[in-house]
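Report on one structure; see the data block that follows.
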Amino acid sequence: MSQIFEKNIKALLKKNPSLASQLIALTNNENFEVVQHGNDPINLNIIDKKRNYPIYLTTPLKEIEEEQKTFSKQYGRYPVLFFFGIGNGIFIKLLFANTSHKKIYVFEPNIEILYIAFHIVDLSEEILSEKIVILKPEELTYAKALNIITHENVQLFVKLFELHIYSEYYEKFFAEEIIKLNKL
């Protein structure tokens, strides 16, 4: 078990034991392959082997940098953000460099992608401080959604709610789940 993964799991065990248990039970990722682009060790793409489709259509770091610039301009002052998908986790981690972002909710539909991201990026501090909340979309009930929108950091900004779809991969293969989540 990698040190990064272990730190993330220890943190998640305290905040979402059910999800942590699912990740611990996963011994390897069977449906996805991690591919490094160039020499940079964090320039990592995740390829869905069954669908033969990548999370990042071009170079991962280039896409992440472009997305970060766009996000800084449009959502730089938003204290709460909602994402469908975590990708390799790097973009989400970079968002916390902006102190305006107090809380980020991530709905990840595939446990294997989360497993991979937890091996790449240390989110343990953010998990423990509840700056990031990671949920599987099917776990979200009306009661949980109500709990989220009444949270002190969310309540004032609930009218600004927008579920950001992390990449085209999620939009293409999880459209029904995204619509269902948005309606809820």
Side-chain angles (χ1 to χ4, degrees), residues 5 7-26 29 31-32 46 48 50-51 53 55 67 70-71 74-96 98-118 121 123-184:
F5 183 73
K7 285 176 74 175
N8 286 327
I9 289 298
K10 283 181 180 177
L12 195 60
L13 275 167
K14 294 177 181 174
K15 299 298 176 178
N16 188 340
S18 171
L19 184 57
S21 296
Q22 291 174 48
L23 286 165
I24 291 167
L26 206 63
N29 53 316
N31 300 312
F32 295 88
I46 301 170
D48 185 326
K50 286 185 176 178
R51 296 175 174 131
Y53 204 89
I55 289 187
E67 189 70 22
T70 302
F71 240 79
Q74 293 180 331
Y75 305 101
R77 296 178 62 187
Y78 281 50
V80 181
L81 298 169
F82 296 86
F83 285 92
F84 192 90
I86 196 166
N88 64 15
I90 294 170
F91 175 69
I92 301 295
K93 179 72 174 182
L94 290 174
L95 287 173
F96 287 112
N98 180 341
T99 57
S100 293
H101 302 316
K102 304 292 183 214
K103 200 164 196 72
I104 296 176
Y105 290 89
V106 177
F107 299 94
E108 177 52 61
N110 193 299
I111 195 78
E112 286 188 45
I113 294 174
L114 186 57
Y115 178 85
I116 293 167
F118 268 31
V121 178
L123 293 166
S124 59
E125 287 181 30
E126 290 83 1
I127 292 168
L128 286 171
S129 66
E130 296 183 358
K131 285 181 129 184
I132 187 168
V133 176
I134 302 169
L135 300 164
K136 291 178 69 179
E138 65 267 18
E139 293 175 346
L140 190 68
T141 62
Y142 180 77
K144 283 184 182 179
L146 189 59
N147 192 26
I148 289 170
I149 64 167
T150 57
H151 185 276
E152 64 183 290
N153 288 335
V154 179
Q155 193 172 19
L156 291 172
F157 303 96
V158 76
K159 287 187 179 185
L160 299 175
F161 170 81
E162 184 175 342
L163 182 62
H164 303 282
I165 302 166
Y166 184 72
S167 77
E168 187 179 298
Y169 170 82
Y170 290 102
E171 195 169 1
K172 185 171 183 150
F173 298 111
F174 298 98
E176 286 180 29
E177 286 184 53
I178 291 168
I179 292 167
K180 183 179 172 186
L181 194 65
N182 256 323
K183 285 181 180 179
L184 187 62

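It should be emphasised that the depicted structure is a prediction, and the values quoted were computed from it without experimental measurement.
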With a 4.5 Å heavy-atom cut-off, do Ile148 and Leu140 have their side chains touching? yes
Pair Glu108-Tyr170, side-chain donor/acceptor within less than 3.5 Å: yes
Modelled atom types, side-chain donor and acceptor of Tyr75 and Glu162, under 3.5 Å: yes
Phe96 and Ile104, any side-chain heavy atoms less than 4.5 Å apart: yes
Please report the C-alpha distance between Ile55 and Ile113 in whole Å, then the side-chain angles of each, then the deciding distance to 0.1 Å, and finally whether the side chain to side chain contact (heavy atoms under 4.5 Å, CB included) criterion is met. CA-CA 10 Å; Ile55 289 187; Ile113 294 174; 3.8 Å; yes
Taking atom NZ of Lys15 as the centre, does the number of heavy atoms from other residues, nucleotides or ligands within less than 6.0 Å exceed 12? yes
Gap between atom CD of Glu171 and atom CD1 of Ile165 - 0.5 Å precision: 4.5 Å
Min side-chain heavy-atom separation Leu23-Asn8 under 4.5 Å: no
NZ of Lys93 to CG of Asn88, rounded to nearest 0.5 Å, is 13.0 Å
Test ring-ring contact (aromatic ring centres under 6.0 Å, His included) applied to Phe83 - qualifying residues, sequence neighbours left out: Phe71, Phe91, His164
By side-chain contact (heavy atoms from CB on, under 4.5 Å), Lys172 pairs with (sequence neighbours left out) Tyr53
Between Leu181 and Phe82, is any pair of side-chain heavy atoms under 4.5 Å apart? no
Do Val80 and Tyr105 come within less than 4.5 Å of each other through their side chains, counting heavy atoms only? yes
Shortest non-hydrogen separation from Leu19 to Ile134 and the atoms involved: CD2-O, 3.5 Å
